[in-house]
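The block underneath contains the structure these notes are about, expressed in structure tokens.
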Protein chains: 2
Amino acid sequence: MSERTVGGGFVPDVALDRTSPVPLYFQVATRLQQLIEAGELPVGGKLENEIDLAERLGVSRPTMRRAIQYLVERGMLVRRRGVGTEIVHPKVRRPVELSSLYDDLAKTGQQPRTEIRSFEVGPAPDHIAEALGIPEGAEITWFERLRYAGGEPLAIMQNAVPVAVLAIDRDDLVSNGLYELLRAAGCVPRMANQVVGARTASAGEARVLGESRGAPLLTMTRTAWDAAGRGVEYGSHIYRADRYSFELTLTI
Amino acid sequence: MSERTVGGGFVPDVALDRTSPVPLYFQVATRLQQLIEAGELPVGGKLENEIDLAERLGVSRPTMRRAIQYLVERGMLVRRRGVGTEIVHPKVRRPVELSSLYDDLAKTGQQPRTEIRSFEVGPAPDHIAEALGIPEGAEITWFERLRYAGGEPLAIMQNAVPVAVLAIDRDDLVSNGLYELLRAAGCVPRMANQVVGARTASAGEARVLGESRGAPLLTMTRTAWDAAGRGVEYGSHIYRADRYSFELTLTI
DNA sequence: GAAGGTCGTTTGTCAGGACAAAGTATTGAC
DNA sequence: GTCAATACTTTGTCCTGACAAACGACCTTC
């Protein structure tokens with residue numbers, strides 16, 4: 001029985017470029033991902049077996065396996081020995097990168113605006129140095145921003161970035177999100193530790209955020225590291241709870 | 001130069017069991033992990049190159065690579081072509097499983113106690129069926145629990161679990177956490193989508209939680225899926241903000 | 001008719017080899 | 001002494017081949 005998998009997805013021939021610097025397994029994985037996302041391979045259906053697939057695409061079995069494995073790790077496929085490879089419901093797909101407030105707002109069409117309330121370079125306070133895993137007194141850039149969305153204040157954000165990681169330009173911060181700057185500098189946050197809590201607003205916070213005293217606030221402190229385990233960012237943020245909530249996807 | 005990597009970790013010989021059903025690459029990875037966690041391989045140091053390592057451990061290079069790759073994905077190692085493999089600071093290690101409130105409390109020594117306030121089996125409301133990706137009207141177990149920690153009320157938790165996934169026993173819920181029951185049934189939550197927000201307590205909520213009206217509350221709604229993309233749990237929880245905050249680790 | 005064994009299918013594991021690409025260190029020229 | 005080219009080390013990619021283990025379906029037997 002090697003016609004087509006019953007009720008399953010038939011993968012059309014894929015043009016691979018062996019001269020490209022992009023690895024073969026990645027070309028295959030990307031193409032499969034496109035087919036799945038375009039709905040050409042039905043969710044819940046089964047993929048052909050990896051041997052046929054490899055042969056038809058003209059790659060070796062290990063390469064085919066690696067492409068499939070890549071999509072398994074991203075939650076798009078599930079494999080079971082003796083059964084086959086199944087296409088999973090899109091709801092459980094893993095996001096591609098750590099999100100930031102700026103990205104989120106820009107993506108949902110609300111225009112983010114940033115006001116810088118303070119900006120200084122100096123030695124790191126102990127608790128921040130400890131969180132980032134840098135020596136006490138190492139130089140950091142410390143700044144406080146007020147973030148607007150749709151013309152209304154949304155969050156007060158205090159952040160620290162080690163100078164050794166990136167020397168931040170004050171003007172860049174106005175027009176870009178912090179994560180955007182970090183990524184542009186080739187320093188990609190790969191892991192983050194967050195603590196999310198809630199409390200009521202003090203009079204000062206309420207005034208700045210355009211809320212009344214005692215209004216509920218979301219608080220978040222975060223430390224982010226790059227792939228090498230280097231602490232790249234520490235942040236302490238407060239958000240108006242009536243206008244913001246965290247949406248996050250957790251994976252094992 | 002094949003003496004020992006400068007300033008690096010020397011991996012002692014490892015006893016491998018080729019008759020064991022545990023894959024070789026996993027035996028190697030586990031042993032390496034132990035060595036790193038025990039501090040015998042220094043953080044920040046470099047591992048030997050994979051060719052020597054494979055030879056000395058008596059496995060092929062692909063097997064050695066797979067073991068190393070496993071630890072790279074868990075955030076314990078970083079590799080760079082032409083440079084080598086480096087051991088990363090433990091802070092950025094990925095957690096092994098999705099946490100639940102019950103586990104967290106038990107782990108930190110606060111004794112969790114659970115009071116069941118309602119418990120019923122019936123057809124799923126539309127918004128829950130939609131979140132879990134099950135047909136409208138499919139049978140679910142719906143229950144509301146009050147969770148105490150250290151003798152004081154901490155959270156009101158409403159949850160839904162499809163009967164098709166697990167027929168929950170009311171008595172089990174008192175002495176076990178929900179995730180514990182799910183895992184015991186062989187149905188491991190692998191991915192979860194959470195929305196965390198904040199608001200003030202209504203009079204009724206305040207009374208149940210032993211707070212005053214207008215006190216800040218943390219709210220969380222979550223949908224969890226297993227590896228096959230099957231929705232296994234929907235939850236809507238509220239927590240006393242003065243006694244609880246979410247700590248979570250995000251990875252790309 | 002039900003229980004159990006057998007067989008084919010499919011994924012999982014492992015080996016060995018070859019070449020490419022990136023980064024570091026050394027060497028040489030000016 | 002400085003800069004550029006070269007050699008070496010190390011990981012990345014890709015291939016072929018082989019066997020093992022899990023699963024489902026079919027068949028046989030009782």
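Bear in mind that the values here come from a model prediction, so they are computed numbers and not experimental data. Lettering of chains follows the sequences in order, A, B, ..., and the numbering in each one begins at 1. Excluded from the calculations below are hydrogen atoms, water molecules and symmetry mates; all remaining heavy atoms, backbone and side chain alike, are included.
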**OP:** Mind calculating the distance between CG (B:L53) and C1' (D:dT10) to the nearest angstrom?
**Re:** 13 Å
**OP:** May I ask you to verify whether the side chain of B:R66 and the base of C:dG12 hold a donor-acceptor pair under 3.5 Å?
**Re:** no
Original post:
What's the closest nucleotide to the B:R81 side chain, out of D:dA21, D:dC14, D:dT10?
Top reply: D:dT10
Original post:
With respect to B:E50, which candidate in B:R81, B:R66, B:R65 satisfies the salt bridge (charged side-chain N to carboxylate O under 4.0 Å, His left out) definition?
Top reply: B:R65
Subject >> Presence of A:Y25 side-chain N/O under 4.0 Å of D:dT13 phosphate oxygens OP1/OP2 >> reply: yes
Original post:
Nearest of C:dA15, C:dG12, C:dA21 to any side-chain atom of A:R79?
Top reply: C:dG12
**OP:** Could you check whether A:R80 gets within reach of a base, just the sugar-phosphate, or nothing at all, counting any heavy atom under 4.0 Å?
**Re:** sugar-phosphate
**OP:** Tell me whether the OP1 or OP2 atom of D:dT11 has a side-chain N or O from B:T85 closer than 4.0 Å.
**Re:** yes
Subject >> Atom CZ of B:F119: over 12 foreign heavy atoms under 6.0 Å >> reply: yes
Original post:
Does a side-chain N or O from A:R65 land closer than 4.0 Å to OP1 or OP2 of C:dT10, or not?
Top reply: no
Original post:
Among C:dC19, C:dA15, C:dT10, which is the nearest nucleotide to the side chain of B:L24?
Top reply: C:dA15
**OP:** Looking at every strand, decide which applies to A:T63 at a 4.0 Å heavy-atom threshold: base, sugar-phosphate, or nothing.
**Re:** sugar-phosphate
Original post:
Can you name the side-chain contact (heavy atoms from CB on, under 4.5 Å) partners of B:P125, sequence neighbours left out?
Top reply: B:H127, B:I128, B:I140
Original post:
Which listed nucleotide (D:dT11, D:dG24, C:dC14) is nearest to the side chain of B:I51?
Top reply: D:dT11
Subject >> Closest to the A:S60 side chain, choosing from D:dT16, C:dT11, D:dT13 >> reply: D:dT16
Original post:
Looking for any heavy atom pair under 4.0 Å, which part of the strands does A:P62 touch: base, sugar-phosphate only, or nothing?
Top reply: base
Original post:
More than 12 non-hydrogen atoms from neighbouring residues, nucleotides or ligands closer than 6.0 Å to CD on B:E55, yes or no?
Top reply: no
